[in-house]
Structure formats: C-alpha cells, structure tokens
Amino acid sequence: QVQLVESGGGLVQAGGSLRLSCTASTSIFSINTMGWYRQAPGKQRELVATISTGSSTNYADSVKGRFTISRDNAKNTVYLQMNSLKPEDTAVYYCNARHYLLNSWGQGTQVTVSS
C-alpha cells in the first residue's frame, strides 16, 4: 500500500478556486494511475479526475473545463486545480493510487463552496 496525504481544502465562495495536493510515500512515477475522488454527505464516492503514467487524463463530465489534474514526479505529488467552483462541488476529496492490485486512499480533505 501507498501512504497518501491530501491538503489544500477549505472554504471558498462560488466562482472561486482551490488547489488540492496529494503527496505519496513512494515515487508516483511507478504508479499506474493517480486520481481524485469526492464524496458529498449522504452520497457515494465518485470519480473526479485521473492521470496515468502515460500522461493521459480523464475527467468527470461535471468538472470538465473547470478542473485540471497534474503531477510533479520529483515531489511525489499530484494536484487538482479547481476553478469556477460551484456549491455542488462541496465534498470530501480523496486521493487515490492504483497500480495493478494495489489500491490506496488518503484520508481526505474537505472542500466547501458557499453560495
């Protein structure tokens, strides 16, 4: 398992921006896919964005054009830049690492968007 630590969450107004960070305990260069998921109160966890070792990215339809996932291999860190935030983006955001049978999760960071 990979240890993952998220940071960067907070309270912002609608239309504002936040950047989340996820730092891994091992080199993310050797991990197939890094991603961000989120879970709102009373709802199931859902995929937000992923990035592979081949640099391909995937986004949920609800965040396309607003969110950008990126990585810094030297820092073992994956980022999620969130722009034009909406109240419906309010959730706990979790970092995820997937490598063959490995599937690791961070503890999550709270994002709250006020209206």
Side-chain angles (χ1 to χ4, degrees):
Q1 298 292 298
V2 178
Q3 297 177 43
L4 303 171
V5 180
E6 303 99 333
S7 63
L11 174 64
V12 298
Q13 297 180 25
S17 299
L18 282 174
R19 189 177 76 157
L20 306 183
S21 299
C22 171
T23 299
S25 61
T26 189
S27 174
I28 62 173
F29 183 80
S30 62
I31 300 175
N32 289 343
T33 305
M34 300 293 297
W36 288 96
Y37 291 70
R38 67 186 182 187
Q39 186 168 22
K43 297 185 177 181
Q44 297 187 90
R45 190 172 299 184
E46 64 177 356
L47 184 148
V48 177
T50 62
I51 184 167
S52 72
T53 55
S55 299
S56 62
T57 56
N58 184 53
Y59 297 92
D61 289 340
S62 60
V63 307
K64 286 182 179 177
R66 300 189 298 121
F67 291 10
T68 302
I69 188 170
S70 62
R71 64 174 183 248
D72 186 334
N73 291 333
K75 296 181 179 180
N76 293 335
T77 300
V78 173
Y79 303 97
L80 184 68
Q81 179 67 46
M82 305 185 294
N83 299 325
S84 302
L85 283 163
K86 304 175 181 179
E88 51 262 45
D89 294 319
T90 295
V92 177
Y93 284 70
Y94 296 91
C95 184
N96 173 251
R98 303 172 73 183
H99 189 73
Y100 299 112
L101 296 180
L102 182 149
N103 190 16
S104 299
W105 296 91
Q107 292 297 305
T109 184
Q110 176 71 48
V111 172
T112 302
V113 184
S114 63
S115 61

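Bear in mind that the values here come from a model prediction, so they are computed numbers and not experimental data.
- Side-chain atoms of Thr90 and Thr112 form no donor-acceptor pair, as typed in the model, at a separation below 3.5 Å.
- Cluster annotation: Leu4 and Leu102 are assigned to the same hydrophobic cluster (Ile/Leu/Val/Met/Phe/Trp/Tyr, side-chain heavy-atom contacts under 4.5 Å, transitive).
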Going through the distances and angles, do Gln3 and Val5 end up as a side chain to side chain contact (heavy atoms under 4.5 Å, CB included)? CA-CA 7 Å; Gln3 297 177 43; Val5 180; 5.8 Å; no
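- In this structure, the separation between CZ on Arg19 and CE on Met82 is 11.5 Å, given to the nearest 0.5 Å.
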Start with the C-alpha gap between Ile28 and Thr77, add the side-chain angles, then the distance that decides, and say whether side chain to side chain contact (heavy atoms under 4.5 Å, CB included) holds. CA-CA 7 Å; Ile28 62 173; Thr77 300; 5.8 Å; no
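- Contact detail for Ser84 and Arg66: the closest heavy-atom pair is O-NH1, 3.0 Å.
- Of all heavy-atom pairs between Val111 and Gly9, the closest is CG2-CA, 4.2 Å.
- In this structure, Ala91 and Gln110 approach most closely via the heavy-atom pair O-NE2, 3.4 Å.
- No side-chain donor-acceptor contact under 3.5 Å links Arg98 to the backbone of Thr33.
- Ile69 approaches Thr57 most closely through the heavy-atom pair CG2-CG2, 3.8 Å.
- Considering every non-hydrogen atom in both Arg71 and Asn73, the closest pair reads CD-OD1, 3.4 Å.
- Classification of the Tyr93-Phe67 ring pair by plane angle, with boundaries at 30° and 60°, yields tilted.
- Nearest heavy-atom pair, Ala49 versus Leu47, reported as atom, atom and distance to 0.1 Å: N-CD2, 3.7 Å.
- For Tyr79 (side chain) and Thr68 (main-chain N/O), no donor-acceptor pair under 3.5 Å exists by modelled atom type.
- No side-chain N or O of Asn32 forms a donor-acceptor pair with one of Thr53 less than 3.5 Å apart.
- The CD atom of Gln81 sits 9.5 Å away from the OG atom of Ser21 when rounded to the nearest 0.5 Å.
- Both Trp36 and Ile31 are assigned to one and the same hydrophobic cluster, defined by single-linkage of ILVMFWY side chains at heavy-atom distances under 4.5 Å.
- Taken together through direct or relayed side-chain contacts under 4.5 Å among Ile, Leu, Val, Met, Phe, Trp and Tyr, Val63 and Val78 form part of one hydrophobic cluster.
- A salt bridge does not link Lys86 to Asp89: none of the charged side-chain nitrogens sits closer than 4.0 Å to a carboxylate oxygen.
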Could you walk me through whether Arg38 and Glu46 pass side chain to side chain contact (heavy atoms under 4.5 Å, CB included), step by step? CA-CA 5 Å; Arg38 67 186 182 187; Glu46 64 177 356; 2.8 Å; yes
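- If you take CG on Leu80 and OH on Tyr37, they are separated by 13.0 Å, rounding to the nearest 0.5 Å.
- Both Val2 and Leu20 are members of a single hydrophobic cluster when ILVMFWY side chains are connected at heavy-atom separations under 4.5 Å.
- A donor-acceptor contact shorter than 3.5 Å links the side chain of Glu6 to the backbone of Gln107.
- Taking OG from Ser115 and CG from Leu85, the interatomic distance works out to 13.0 Å, rounded to the nearest 0.5 Å.
- Separating the CE atom in Met34 from the OG atom in Ser70 is a distance of 11.5 Å, to the nearest 0.5 Å.
- Using a 4.5 Å heavy-atom threshold, the side chains of Asn76 and Thr26 count as separate.
- Both Ile51 and Leu18 belong to a single network of hydrophobic side chains, linked directly or stepwise wherever heavy atoms of I, L, V, M, F, W or Y lie under 4.5 Å apart.
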